[in-house]
Amino acid sequence: MTVVRRNLFKPFSSLTFLTPQKRLKSYTPQFKSPSKYCYNLNFRSSLDSNFDEKEKNTLNLNHPILQKVDACCNLAQFPQIHAQLIILGLFQHPLAASRVIKKLSSLPNGLNLAVSLLEKLEEADAFMCNTIIRSYLNQGNPDSGLVFYYHYVIGGCIMPNHYTFPLMIMVCVDVGSAVDGEKFFGVMPQRDAVSWNCLIDGCARLGDVIAARECFDRMPNRNVVSWNTMLSLYVRCKEYDECVTLFDRMMKGKVQPNEATLVSVLTACGYLCRLDRGKWIHQYIENNRRIKPDVLLYTSLLTMYAKCGDMDMAKNVFDSMPEKSVVSWNSMIMGYGSHGLVEKALETFLEMEKSGKIPNEATFICVLAACAHSGKVLEGWWYFDVMHRVYKIEPKVEHYGCMVDLLGRAGFLKDTEELTKEIHMKGGSALWGALLSACHTHSDIQLGEFVGKWLIEQKPKDIGAYLLLSNIYAAQGRWEDVDKVRKLLKDKGLHKEAGCSKACFGESELDYSLKDGSIHKRNMIHSMMRQISSQVKLSGSEMAYQCDT
DNA sequence: ATAGGGTTAG
């Protein structure tokens, strides 16, 4: 791929503008049209560009030929439209050409043809180029977007406009090039909020959240999308606390949140189990007519309730939804499954099927996880099979992960081992950890030792396997082996971060860490755990709290 | 014509 870099860093006013004829000659077409539709674009009728200046300004937007362009829905209809445009003398009309390029780029396989058509125009403009670049971007082909920009916009001396730059920042981000993205930001004649917002999101997508925040803090005129961009990127990189904190600042600064804002914050509240904040946002939605909840907002609201364990409220929101998406159903199944209401989870799945919504990959992860939590081995196998056989979903590593977990917890270690080996052959090595965990739960020391040693060999920097292996030894009282594993960890300079829990009581929060020296906190938490444990025992569950003070 | 939003095991 050759990238023409000339002129990029010159101020645009200093570009020499070529005459249209020269410009046409300077093009070397790189984009082949599909042969099926490769009719002669070089044909020019004498009527081709005979519209006068008056007509140029007053072309009726409802002109029958433009309506025909809009209605065109496949490439096969296009040669006829093209011919009519030429006969009407409208082929070179900028307005007509823009409509044609926009339509062509949206048709399957039409993008190459749109580019060939642009080459034949005497006056291609920024709008047309932006349309084509955006289509490359949307089709997951940012490289071609970049080549197009250098070749046709820079090479063809078409003046980019303020729509071009944000687009090019996104192109560079998708290509994975921070440097080019910053250069585009650097050469922009004026930087509006849109380009700043693209830059912020671009930094985050390239993995630099700190830089994104710096841009956000530095930018002069933030709008609601700037805040939303920042909130959503915090959610994407799992910095939920940051998301809520920034939302507080937003509200203090009297910036009016919109639907997208609330979606991000609700998602963060769900992961943080901040039911109080989530409820506050629910109230906010109901008290502000300005907010028009759509499927996305309703779904994030019910997901928040589901993650916080309030399944009644989740169900209320779910029932009130005028329209439900696959994601809404998935969230309900996930909520029921992870709060021990397995029957409800499976019932919801059946209702989903009845309602005609087609389950997706994520649905089956929720269903299989629900089966795993409750030890429903047969049901798990059944749904695993339904997924493949009925819904034609190829099981992914995640699905196998649920199955290994399901079989492992239930103690079917032999099946688990075989399944893990099978997946390993298919290239997924991530499941050995789950198998090792199952060995620990069911005290299968022989298999556990084998898998643990193997895992440590494979992933010497991953501390998970060391800890599980050492726990397996400890459970057998093999303290010498425990010491060996611990020493191995120490020799490699690895150490485990102390675990940390957080509990919220109304307005107050309590952080608790094992390395925490506060005896008072520790005693308080252990006594509370004992109380919970005795209540669990009374309710007939086998689960009990082991407290080692 | 441009920028921002929901689900996924252990």
Side-chain angles (χ1 to χ4, degrees), chain A residues 98-99 101-102 105 125-131 133-135 137 161-170 173 192-202 204 219 222-233 235-236 243 257-268 270 293-304 306-307 317 321 324-335 337-338 359-373 380 396-406 408-409 430-438 440-441 464 468:
Chain A
S98 296
R99 286 273 268 275
I101 286 176
K102 183 148 199 196
S105 343
D125 63 21
F127 178 96
M128 304 167 188
C129 294
N130 295 346
T131 305
I133 295 170
R134 187 171 306 120
S135 301
L137 192 63
N161 64 11
H162 70 288
Y163 286 92
T164 316
F165 295 103
L167 198 54
M168 289 315 296
I169 293 176
M170 290 193 289
V173 169
D192 55 10
V194 178
S195 35
W196 274 101
N197 295 346
C198 287
L199 190 70
I200 292 170
D201 197 54
M219 75 177 280
R222 286 187 279 265
N223 61 16
V224 67
V225 181
S226 322
W227 291 89
N228 293 353
T229 306
M230 208 55 220
L231 292 171
S232 74
L233 75 85
V235 171
R236 265 204 315 264
C243 176
N258 65 13
E259 290 79 3
T261 320
L262 302 178
V263 166
S264 294
V265 184
L266 280 170
T267 308
D294 53 12
V295 202
L296 270 71
L297 185 49
Y298 277 126
T299 304
S300 62
L301 188 60
L302 90 80
T303 307
M304 181 279 297
K307 281 206 155 69
V317 177
M321 288 172 73
K324 300 170 178 66
S325 68
V326 183
V327 182
S328 329
W329 286 97
N330 292 354
S331 273
M332 285 305 288
I333 298 172
M334 181 274 298
S338 52
N360 64 9
E361 282 177 23
T363 316
F364 283 99
I365 290 174
C366 300
V367 170
L368 294 175
C371 295
H373 283 155
K396 289 190 7 186
V397 181
E398 287 85 348
H399 299 107
Y400 282 113
C402 294
M403 290 310 287
V404 168
D405 190 37
L406 173 76
R409 277 178 197 248
L431 300 182
W432 291 94
L435 176 58
L436 183 55
S437 177
H440 175 223
T441 311
L468 278 168

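Chain letters run A, B, ... following the sequence lines, proteins first and then strands; every chain starts at 1.
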Student: Output the single nucleotide from dA1(B), dG4(B), dT8(B) whose closest atom is nearest the side chain of M334(A).
Tutor: dT8(B)
Student: Would you call Y163(A) stacked on dA1(B), i.e. ring centres under 5.5 Å apart with the planes less than 30° off parallel?
Tutor: yes
Student: Rounded at 0.5 Å granularity, tell me how far CZ in R236(A) sits from OG in S264(A).
Tutor: 9.0 Å
Student: I need the minimum non-hydrogen distance between A306(A) and S331(A), along with the two atoms involved.
Tutor: CB-O, 4.1 Å
Student: Taking donor-acceptor contacts at under 3.5 Å, does the side chain of N258(A) reach the base of dG5(B)?
Tutor: no
Student: For a quick check, tell me whether the side chain of N130(A) and the base of dA1(B) share a donor-acceptor pair closer than 3.5 Å.
Tutor: yes
Student: Base, sugar-phosphate, or nothing for K307(A), non-hydrogen atoms under 4.0 angstrom?
Tutor: sugar-phosphate
Student: Which whole-number value in Å describes the distance from M321(A) CE to dT7(B) P?
Tutor: 13 Å
Student: Taking K396(A)'s backbone N and O only, do any of them form a donor-acceptor pair with H399(A)'s side chain (distance below 3.5 Å, no angle check)?
Tutor: yes
Student: CG of L167(A) versus P of dG4(B): gap in Å, rounded?
Tutor: 11 Å
Student: Give V295(A) one of three labels, base, sugar-phosphate or nothing, depending on what nucleic acid heavy atoms sit under 4.0 Å from its own.
Tutor: base
Student: Side chain of V194(A) only, heavy atoms from C-beta on: which candidate in dT2(B), dT7(B), dG6(B) is closest?
Tutor: dT2(B)
Student: Side chain of V263(A) only, heavy atoms from C-beta on: which candidate in dA3(B), dT8(B), dG5(B) is closest?
Tutor: dG5(B)
Student: Can you figure out which of dG5(B), dG6(B), dT7(B) approaches the side chain of S264(A) most closely?
Tutor: dG5(B)
Student: Between M170(A) and R134(A), is any pair of side-chain heavy atoms under 4.5 Å apart?
Tutor: no
Student: Considering only heavy atoms and no angle criterion, is a donor-acceptor pair shorter than 3.5 Å present between the side chain of T299(A) and the base of dG6(B)?
Tutor: yes
Student: Between Y298(A) and V317(A), what is the shortest heavy-atom contact and its length?
Tutor: O-CG1, 3.7 Å
Student: What is the distance, to the nearest angstrom, from the CE atom on M230(A) to the P atom on dG5(B)?
Tutor: 13 Å
Student: Any side-chain N or O of R409(A) below 4.0 angstrom from OP1/OP2 of dA9(B)?
Tutor: no
Student: Answer yes or no: is there a side-chain heavy-atom contact under 4.5 Å between L368(A) and L406(A)?
Tutor: no
Student: Will you find, in the side chains of T299(A) and S328(A), an N or O donor that is under 3.5 Å from an N or O acceptor?
Tutor: yes
Student: Figure out the CG/P separation between L233(A) and dA3(B), and round it to whole Å.
Tutor: 17 Å
Student: Do you know the tightest heavy-atom contact between L262(A) and L297(A)?
Tutor: CB-CD1, 3.9 Å
Student: Whole-Å distance between dT8(B) C1' and D405(A) CG?
Tutor: 14 Å
Student: What is the distance, to the nearest angstrom, from the CZ atom on R236(A) to the P atom on dG6(B)?
Tutor: 9 Å
Student: Do N330(A) side-chain atoms and I333(A) backbone N/O form a donor-acceptor pair below 3.5 Å?
Tutor: no
Student: Applying a 4.0 Å non-hydrogen cut-off, can you work out what M170(A) is touching in the nucleic acid: base, sugar-phosphate, or nothing?
Tutor: sugar-phosphate
Student: Among the nucleotides dT8(B), dA9(B), dA1(B), which one has an atom lying closest to any side-chain atom of A369(A)?
Tutor: dA9(B)
Student: Using a heavy-atom distance cut-off of less than 4.0 Å, which residues of residues 324-332 of chain A contact DNA chain B?
Tutor: S325(A), V327(A), S328(A), N330(A), S331(A)
Student: Show, in sequence, the C-alpha distance, side-chain angles and deciding distance for N161(A) and D125(A), and conclude whether the side-chain hydrogen bond (donor to acceptor under 3.5 Å, both in side chains) test is met.
Tutor: CA-CA 9 Å; N161(A) 64 11; D125(A) 63 21; over 6 Å; no
Student: For DNA chain B, what string of dots and brackets results from 5' to 3' when Watson-Crick and G-U pairs need both distances under 3.5 Å, crossing pairs get [ ], and pairs with another strand get |?
Tutor: ..........
Student: Check the distance between dG6(B)'s C1' and N360(A)'s CG and give it to me in whole angstrom.
Tutor: 12 Å
Student: For the residue pair N228(A) and N197(A), confirm or rule out a side-chain donor-acceptor distance under 3.5 Å.
Tutor: no
Student: Classify the nucleic acid contact of H399(A) as base, sugar-phosphate or nothing, counting any heavy atom under 4.0 Å across all strands shown.
Tutor: nothing
Student: Quick check on dG10(B): is either OP1 or OP2 less than 4.0 Å from any side-chain nitrogen or oxygen of H373(A)?
Tutor: yes
Student: For N228(A) and dG5(B), give me the distance from atom CG to atom P, rounded to whole Å.
Tutor: 9 Å
